[in-house]
Amino acid sequence: MSKINTAVATDYIKYLQFIEERKNSLDRTIVVCDKKNSRPDKLYKESKLIADWVSNDIDLMIECNAADGKAFKFQFRAKQFSDEPLFRLDSDGAAHRNSKFPLKIQQVTTPHFNKFNEHGRVIAYKTSQLKNENEAKAIQNDINLGFAHFCYEGNIRYKEDDLSEISLVGSSNQLDLDFKDSPERDFLENIHFNI
């Protein structure tokens, strides 16, 4: 039996507002560069979301594999409502089991979203895009595509209808160019551009 979030169970309408109402990111580009204290193999970043209908900020948390920027997780929480994340997208990991559902739909593989039901229990679900194998694979393999999907599902925008994007700093899939050690070196010397 999974733990019940009493704040959600007590005021489900307010919880739905956190999920469905517009939330705005303060950052056009969210730079994910911190090593997570409890998991040094993960990059981590907390950012803020604001909304007209809530007095305090909402925490947006981004986590991904430091080696390749994959196996990412996006979630948000509003501490004034609950200490637990209120909404989450997992791109990778174990399947979630919705124990109160019919047997044939209990297992929900990743990528999937997690949210609470009216009883305060976490349930996993897939959008139509995540049910499509090709779209799910594309979302799973591209952190910005995954983040865009999370933002659409959770109604998060940067200004009007624009979306924030994620920049990974420190993952091994990036070129680390250190200009301080050799400022005279031309890093483009053997590259030819067709103009």
Side-chain angles (χ1 to χ4, degrees), residues 5 7-8 11-34 36 42-65 68-92 108 110-118 122-171 173-175:
N5 185 312
V8 171
D11 195 349
Y12 192 64
I13 300 300
K14 177 134 179 129
Y15 169 73
L16 288 177
Q17 188 177 24
F18 278 108
I19 305 301
E20 296 169 359
E21 295 286 328
R22 176 63 64 96
K23 295 160 288 294
N24 293 300
S25 173
L26 299 174
D27 303 305
R28 174 70 185 105
T29 302
I30 301 169
V31 180
V32 180
C33 59
D34 302 329
K36 190 170 183 183
K42 300 284 185 188
L43 293 176
Y44 183 79
K45 182 67 176 184
E46 279 193 30
S47 186
K48 294 292 182 191
L49 302 175
I50 57 171
D52 295 337
W53 45 269
V54 66
S55 59
N56 295 328
D57 294 339
I58 299 167
D59 298 318
L60 170 66
M61 297 159 287
I62 299 166
E63 180 180 316
C64 69
N65 187 316
D68 60 9
K70 294 187 180 174
F72 47 83
K73 179 189 306 186
F74 311 120
Q75 52 192 348
F76 65 78
R77 75 171 167 233
K79 286 185 181 178
Q80 73 272 20
F81 184 71
S82 174
D83 285 336
E84 287 184 75
L86 301 175
F87 186 68
R88 185 175 82 223
L89 171 67
D90 295 327
S91 75
D92 195 44
V108 183
T110 53
H112 64 241
F113 284 96
N114 290 280
K115 66 178 183 180
F116 290 96
N117 67 12
E118 65 276 8
V122 174
I123 60 166
Y125 72 96
K126 289 183 178 261
T127 59
S128 59
Q129 292 85 355
L130 296 181
K131 289 176 183 176
N132 178 298
E133 191 176 319
N134 291 331
E135 289 185 55
K137 186 170 264 196
I139 288 168
Q140 197 171 29
N141 288 319
D142 183 328
I143 193 166
N144 275 297
L145 194 56
F147 189 62
H149 193 56
F150 174 77
C151 289
Y152 280 114
E153 189 70 7
N155 200 3
I156 301 167
R157 301 294 185 274
Y158 173 76
K159 300 196 176 179
E160 301 296 314
D161 284 327
D162 200 8
L163 298 174
S164 296
E165 60 184 34
I166 294 174
S167 174
L168 297 176
V169 176
S171 69
N173 67 348
Q174 289 189 321
L175 253 109

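Hydrogens, waters and symmetry mates are skipped; everything else that's a heavy atom, side chains included, is used.
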### N/O donor-acceptor pair under 3.5 Å between K45 side chain and C33 backbone
no
### Query
Under 4.5 Å between any side-chain heavy atoms of Q140 and T110, yes or no?
yes
#### Entry: Separation of D57 CG from Q80 CD (nearest 0.5 Å)
8.5 Å
#### Entry: Heavy-atom pair of closest approach, residues L86 and A78
CD1-N, 3.8 Å
### Task
Find the distance between CG (N141) and NZ (K70) and round it off to the nearest 0.5 Å.
4.5 Å
### Query
Taking it one step at a time, do H112 and D90 satisfy side-chain contact (heavy atoms from CB on, under 4.5 Å)?
CA-CA 6 Å; H112 64 241; D90 295 327; 3.6 Å; yes
### Message
Show the nearest heavy-atom pair for residues I166 and I143, with the distance to one decimal.
### Response
CD1-CG1, 4.1 Å
### Task
Identify the two heavy atoms, one from Q129 and one from H149, that lie closest to each other, and give their separation to 0.1 Å.
OE1-CE1, 3.3 Å
### All side-chain contact (heavy atoms from CB on, under 4.5 Å) counterparts of A71, not counting sequence neighbours
K42, N65, D92
### Message
If I take atom CG from residue L60 and atom CD1 from residue I50, how far apart are they, to the nearest 0.5 angstrom?
### Response
13.0 Å
### Message
To the nearest 0.5 Å, what is the distance between CG on L130 and CD1 on I139?
### Response
5.0 Å
### Query
Using a distance-only test with no angle check, is there a side-chain donor-acceptor pair under 3.5 angstrom linking E153 and Y125?
yes
### Query
Mind checking what makes ring pair (Phe, Tyr, Trp, His ring centres under 6.0 Å) contact with F74, not counting sequence neighbours?
F72, F147, F150
### Query
For the atom pair NZ (K36) and SG (C64), what is the distance rounded to the nearest 0.5 Å?
11.0 Å
### Query
Got a second to check how far E20's CD is from I13's CD1, nearest 0.5 Å?
9.0 Å
### Task
Would you mind checking if D162 and R157 are paired as a salt bridge, meaning a charged N to carboxylate O distance below 4.0 Å?
no
#### Entry: I19: which of F116, F113, F76 passes side chain to side chain contact (heavy atoms under 4.5 Å, CB included)
F76
### Query
Would F18 and Y15 count as a close aromatic pair, with their ring centres under 6.0 Å?
no
### Query
At their closest point, which heavy atom of L163 faces which heavy atom of I156, and how far apart are they?
CD2-O, 3.6 Å
### Query
Are N155 and K23 side-chain neighbours, meaning at least one heavy-atom pair lies under 4.5 Å?
yes
### Query
Please walk me through it: do K79 and D59 pass side-chain contact (heavy atoms from CB on, under 4.5 Å)?
CA-CA 8 Å; K79 286 185 181 178; D59 298 318; 3.7 Å; yes
### Message
Which heavy atom of I30 sits nearest to which heavy atom of S164, and what is that distance?
### Response
CD1-CB, 4.2 Å
### Task
Of all the heavy-atom pairs spanning S47 and D27, show the shortest one and how long it is.
OG-OD2, 2.7 Å
### Message
I'd like to know if E46 pairs up with R77 as an ion pair, taking the criterion as any Lys NZ or Arg NE/NH1/NH2 lying under 4.0 Å from an Asp or Glu carboxylate oxygen.
### Response
yes
